Amino acid sequence: MPQKVISIMSNSGGVGKTTLTVNLAYQLARQGKSVVMLGCDPNGSLTLFCGLEDPSADQTMDWVLRSDFKGDYPLFPAWRDHIKGVDACLGGLPLTETTQRLVLDKRGAYLLSDALEDYPLPHDVVLIDCPGTIEQLHVVALAASTDVIITLKPEDKDLDAMAKLLEWISITRTELRLRPAPKVFGILPNGAKDRAMHRDNLGLSDIEGVVSLPEIMRQMGIPMFPAIKDNAYVANAAAAGLPLGIYRAGEPINKLYEKIAREIVKEMD
């Protein structure tokens, strides 16, 4: 069974990348897949969302993204009291220096890809939690990925940012000569509210002349998952260091995360 390496990307902050990462990891584990989450975001949200302590610099992804890396991944088990098979390699502030170093390294764009090829992780799925805006760590993640999932809020500015991200993915895949080229697995609107802009962008209004996000995705041939509504339980679960499926198993939003996980598993089997 080929390993899936999926980058969770956006081109704006606060849109639910880490939330999606941890909830996908949990739902994939529930379906019998082993998962490792790689925190490539300097803000270190993955540490908080997994209920873990801040690691030292040599226990973060900074250690992995070095030209002299020898395969000793600093992995931490996540939620072992609740489920088996989920590990995390954490990000955080050390990655601010990593970004500068990657620009100067001749193999900088390929360091994660090289690491995963030379020292394969045993997990079925690798989920990469990327930074909130396009930077060098996005390049590293894309070069290592088989797939990309983009999450955004149904705001006008986020749709514009997503369009720029899709263009960047297309250009960068070509520039890096990625073979096979990672594909956009799908788009996930997140934090949807009952407001006019969100309804318009999600195609839920009857206003003529409005080109909605679902229509744009259909034209581009990119799958779009059902929107995740704004929900306090999602934020509360993250603050508790747990995926929603553990924090509040009966919450209907879990079914949406499960749907994405099943689509991933379907491609793998």
Side-chain angles (χ1 to χ4, degrees), residues 3-25 28 35-50 60-65 73 78 87-103 108-116 121 123 125-153 158 161-173 175-176 178 181-191 222 225 228 238 257 260 264:
Q3 185 184 66
K4 279 281 192 185
V5 182
I6 305 173
S7 284
I8 311 299
M9 290 188 175
S10 71
N11 191 19
S12 51
V15 298
K17 288 181 294 74
T18 309
T19 300
L20 177 58
T21 301
V22 299
N23 281 287
L24 265 187
L28 285 164
V35 187
V36 61
M37 300 174 286
L38 305 184
C40 284
D41 194 338
N43 72 17
S45 296
L46 187 60
T47 303
L48 173 65
F49 287 21
C50 289
T60 68
M61 280 296 296
D62 176 74
W63 183 256
V64 178
L65 296 175
Y73 293 93
D87 294 304
C89 187
L90 304 172
L93 287 177
L95 289 177
T96 57
E97 296 183 7
T98 309
T99 301
Q100 300 170 15
R101 191 178 66 247
L102 291 172
V103 175
Y110 304 97
L111 284 178
L112 180 55
S113 178
D114 291 347
L116 294 176
L121 285 161
H123 304 77
V125 182
V126 179
L127 297 176
I128 306 175
D129 183 25
C130 295
T133 53
I134 300 171
E135 58 166 81
Q136 192 64 24
L137 286 165
H138 269 77
V139 178
V140 172
L142 186 67
S145 295
T146 60
D147 301 85
V148 175
I149 297 177
I150 297 173
T151 182
L152 74 163
K153 289 186 176 179
D158 281 23
M162 180 202 66
K164 291 182 172 64
L165 176 58
L166 287 170
E167 181 181 16
W168 175 86
I169 289 172
S170 178
I171 292 171
T172 306
R173 286 185 304 198
E175 289 179 345
L176 296 181
L178 301 180
K183 71 176 185 301
V184 180
F185 191 85
I187 305 291
L188 177 67
N190 187 54
I222 297 174
F225 299 108
I228 303 286
Y257 293 127
I260 302 172
I264 294 170

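The chain is numbered in sequence order, starting from 1. Treat the numbers as computed from the prediction; the structure is a model and nothing was measured.
One N or O on the side chain of Lys17 and one on the backbone of Cys130 form a donor-acceptor pair closer than 3.5 Å. Looking only at distances, no side-chain donor or acceptor of Ser170 sits under 3.5 Å from a matching main-chain atom of Glu167. In terms of modelled atom types and a separation under 3.5 Å, the side chain of Asp158 and the main chain of Leu152 share no donor-acceptor contact. Of the possible polar contacts, one joining the Asn190 side chain to the Val15 backbone as a donor-acceptor pair under 3.5 Å is found. For the pair Gln3 (side chain) and Leu121 (backbone), a donor-acceptor distance under 3.5 Å is present. Of the possible donor and acceptor atoms, one in the side chain of Thr60 sits under 3.5 Å from a partner among the backbone N and O of Asp62.
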* Check the pair Leu38 / Tyr73 against side-chain contact (heavy atoms from CB on, under 4.5 Å), numbers first and verdict last. => CA-CA 10 Å; Leu38 305 184; Tyr73 293 93; 5.6 Å; no
* Full working for side-chain contact (heavy atoms from CB on, under 4.5 Å) between Trp63 and Met61 -> CA-CA 5 Å; Trp63 183 256; Met61 280 296 296; over 6 Å; no
* Passes side-chain contact (heavy atoms from CB on, under 4.5 Å), Ile128 versus Ser145? Steps please. -> CA-CA 9 Å; Ile128 306 175; Ser145 295; 4.0 Å; yes
* To do: Just do the side-chain contact (heavy atoms from CB on, under 4.5 Å) check on Asp41 and Leu95 with the steps written out, would you?
  => CA-CA 7 Å; Asp41 194 338; Leu95 289 177; 5.8 Å; no
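When side chains are defined from C-beta on, Val64 counts as touching Leu112, because their heavy atoms get closer than 4.5 Å. In this structure, the side chains of Thr151 and Ile149 stay at 4.5 Å or more apart for every pair of heavy atoms. Under the 4.5 Å side-chain criterion, counting only non-hydrogen atoms from C-beta, Leu20 is not in contact with Ile228. In this structure the side chain of Leu24 never reaches within 4.5 angstrom of the side chain of Val125, judged on heavy atoms.
Counting all heavy atoms, side chain and backbone alike, Ser12 lies closest to Ser10 at O-OG, 2.8 Å. Across every non-hydrogen atom of Val22 and Cys50, the tightest pair is CG1-SG, 4.3 Å. Of all heavy-atom pairs between Leu176 and Ala109, the closest is CD2-CB, 4.1 Å. Nearest heavy atom pair, residue Gly14 against residue Lys153, reads O-CE, 3.2 Å. Of all non-hydrogen atoms in Gly186 and Phe225, the two that sit nearest each other are CA-CE1, 3.8 Å. Between Ser45 and Thr18, the shortest heavy-atom contact is CB-OG1, 3.6 Å.
Pairs of residues two or more places apart, or lying in two chains, that qualify as side chain to side chain donor-acceptor pair (under 3.5 Å) and include a residue from residues 130-141 are Thr99-Glu135.
Shown are Ile150, Val148, Asn11; of these, the side chain to side chain contact (heavy atoms under 4.5 Å, CB included) with Leu166 is made only by Ile150.
Residues meeting the side chain to side chain contact (heavy atoms under 4.5 Å, CB included) test with Thr146, sequence neighbours left out: Lys4, Val5.
Remark: Leu137 CG to Asp129 CG distance equals 11.0 Å, nearest 0.5 Å.
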